[in-house]
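Before any comments, here is the structure.
Everything numeric here is computed off the predicted structure, so don't read it as measured data.
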Amino acid sequence: MPPSARLYGAPADPGLGRKVRGRRWRRWAGAGLALVLAGGLVTGLVVILMRPAAPEAVTAQVRDAVAGVTLSLPPGWREEAVPPVTGFTSVLRDGGGALVMAGPVADSVADSVVDSAADARKAAREAAELYSRLLLKGDRVVVVDDRSLEHGYTRALRAEYRDVVNGPAYLRVTLLTRSGRDVLLVGLLQPDDGNRRQALDAVLSGVR
């Protein structure tokens with residue numbers, strides 16, 4: 001070493017080596033991070049592209065040739081062979097206490113009571129009263145819907161019971177009047193709740 005080094009000691013490192021090494025380390029770290037991010041992006045794209053598309057809910061169709069109508073069969077619903085009430089020719093159930101029945105109105109009845117909108121209203125209300133007594137048998141029955149349709153009339157009832165075993169029940173009766181081939185639809189739900197009531201009404205309103 002020169003005399004000045006022996007006198008004052010070895011010269012201090014000005015830090016250039018550390019700065020160079022720091023810059024190299026940052027460059028390598030940045031490159032590694034970029035590779036990791038790029039790999040994650042590619043992996044995500046592969047997962048999205050390879051993921052099978054979620055199957056859409058398929059609504060089947062049930063044709064009632066006797067009544068002359070087609071009923072929608074949503075997922076979770078099934079068609080049964082024999083309606084539980086005489087006079088109906090098709091029945092759908094959801095497996096949880098909801099059913100929809102369809103059947104033709106006898107020609108003699110149709111000729112005598114369904115000649116006008118007023119007659120359709122009267123016939124639908126009488127049918128709702130009849131099936132309320134047969135199917136609901138509630139301690140308290142209230143009307144929750146009563147209105148004309150473009151081709152017919154509909155009336156809905158809600159039954160409540162004094163005992164704690166039976167939950168409230170819901171009944172909708174719809175009379176469709178179309179060119180002399182009138183059809184009666186009856187929907188029953190027990191226990192009644194908002195979401196399942198909407199599903200039942202959707203099946204009834206979707207009859208074609």
Side-chain angles (χ1 to χ4, degrees), residues 55-137 141 143-159 169-193 195-208:
E56 296 183 359
V58 177
T59 301
Q61 301 290 322
V62 174
R63 176 65 179 171
D64 185 336
V66 178
V69 294
T70 299
L71 301 94
S72 298
L73 191 65
W77 287 68
R78 67 182 186 277
E79 179 185 12
E80 293 196 344
V82 180
V85 179
T86 303
F88 292 93
T89 52
S90 58
V91 58
L92 309 180
R93 289 185 184 271
D94 76 340
L99 67 84
V100 169
M101 298 181 292
V105 177
D107 292 339
S108 59
V109 175
D111 292 340
S112 61
V113 301
V114 191
D115 293 329
S116 67
D119 291 337
R121 179 176 65 249
K122 178 182 178 182
R125 289 179 173 179
E126 289 177 351
E129 178 65 24
L130 171 65
Y131 290 108
S132 173
R133 293 197 304 268
L134 291 175
L135 302 176
L136 294 183
K137 301 178 181 178
V141 179
V143 177
V144 294
D145 190 19
D146 186 78
R147 55 190 165 87
S148 297
L149 303 175
E150 183 179 0
H151 298 288
Y153 202 88
T154 187
R155 185 175 177 88
L157 309 173
R158 188 176 192 268
Y170 175 76
L171 173 74
R172 180 176 290 279
V173 174
T174 300
L175 178 64
L176 299 179
T177 57
R178 302 173 303 172
S179 64
R181 197 171 190 182
D182 303 312
V183 180
L184 187 65
L185 307 171
V186 173
L188 179 65
L189 171 64
Q190 189 176 27
D192 176 31
D193 68 64
N195 292 333
R196 298 180 67 228
R197 182 191 293 191
Q198 290 181 3
L200 178 71
D201 286 345
V203 174
L204 288 167
S205 63
V207 173
R208 297 292 180 266

(message) Can you tell me how far apart CG (Leu99) and CG (Leu135) are? Round to the nearest 0.5 Å.
(response) 8.0 Å
(request) Go through the structure and list residues passing side chain to side chain donor-acceptor pair (under 3.5 Å) with Thr70, not counting sequence neighbours. (result) Arg63
(request) Calculate, to the nearest 0.5 Å, the distance between atoms CZ and CG belonging to Arg208 and Leu176 respectively. (result) 9.5 Å
(message) Can you list everything that forms a side chain to side chain donor-acceptor pair (under 3.5 Å) with Asp193? Sequence neighbours excluded, please.
(response) none
(request) Can you spot which of Val207, Val173, Leu175 makes a side chain to side chain contact (heavy atoms under 4.5 Å, CB included) with Leu185? (result) Val207
(message) Suppose the criterion is salt bridge (Lys or Arg N to Asp or Glu O under 4.0 Å): which pairs have a residue in residues 183-192, not counting sequence neighbours?
(response) Arg158-Asp192, Asp192-Arg197
(request) With rounding to the nearest 0.5 Å, note down the distance linking CD in Glu150 to OG1 in Thr177. (result) 10.0 Å
(message) Less than 4.5 Å apart, side chain to side chain, heavy atoms only: is that true for Val69 and Arg178?
(response) yes
(request) Please list, chain by chain and in numerical order, all residues satisfying side-chain contact (heavy atoms from CB on, under 4.5 Å) with Arg155, sequence neighbours excluded. (result) Arg125, Ala128, Val143, Asp146, Leu157
(message) I need the full list of salt bridge (Lys or Arg N to Asp or Glu O under 4.0 Å) pairs touching residues 94-104, with sequence neighbours left out, sorted by first then second residue.
(response) Asp94-Arg196
(message) On a heavy-atom basis, which atom in Ser72 and which in Gly206 lie closest, and how many Å separate them?
(response) OG-O, 4.0 Å
(request) Check Lys137 against Arg133 and note the closest heavy-atom contact, atom names and distance. (result) CG-O, 3.1 Å
(request) Rounded to the nearest 0.5 Å, what's the gap from CG on Leu188 to CG on Leu200? Could you check? (result) 8.0 Å
What donor-acceptor contacts under 3.5 angstrom involve side-chain atoms of residues 82-93, with partners at least two apart or in another chain?
residue	atom	partner	partner atom	Å
Thr89	OG1	Asp64	OD1	3.1
Thr89	OG1	Asp64	OD2	2.6
Thr89	OG1	Ala102	O	3.4
Ser90	OG	Asp64	OD2	2.7
Arg93	NE	Glu80	OE1	2.9
Arg93	NE	Glu80	OE2	3.4

(message) Taking the side chain as everything from C-beta on, heavy atoms only, tell me whether Leu184 gets closer than 4.5 Å to Tyr131.
(response) yes
(message) Which residues pass the side-chain contact (heavy atoms from CB on, under 4.5 Å) test with Arg147, not counting sequence neighbours?
(response) Asp145, Leu149, Thr154, Arg172
(message) Treating Arg78 as the side-chain partner and Pro75 as the backbone partner, does any N or O pair qualify as donor plus acceptor under 3.5 Å?
(response) no
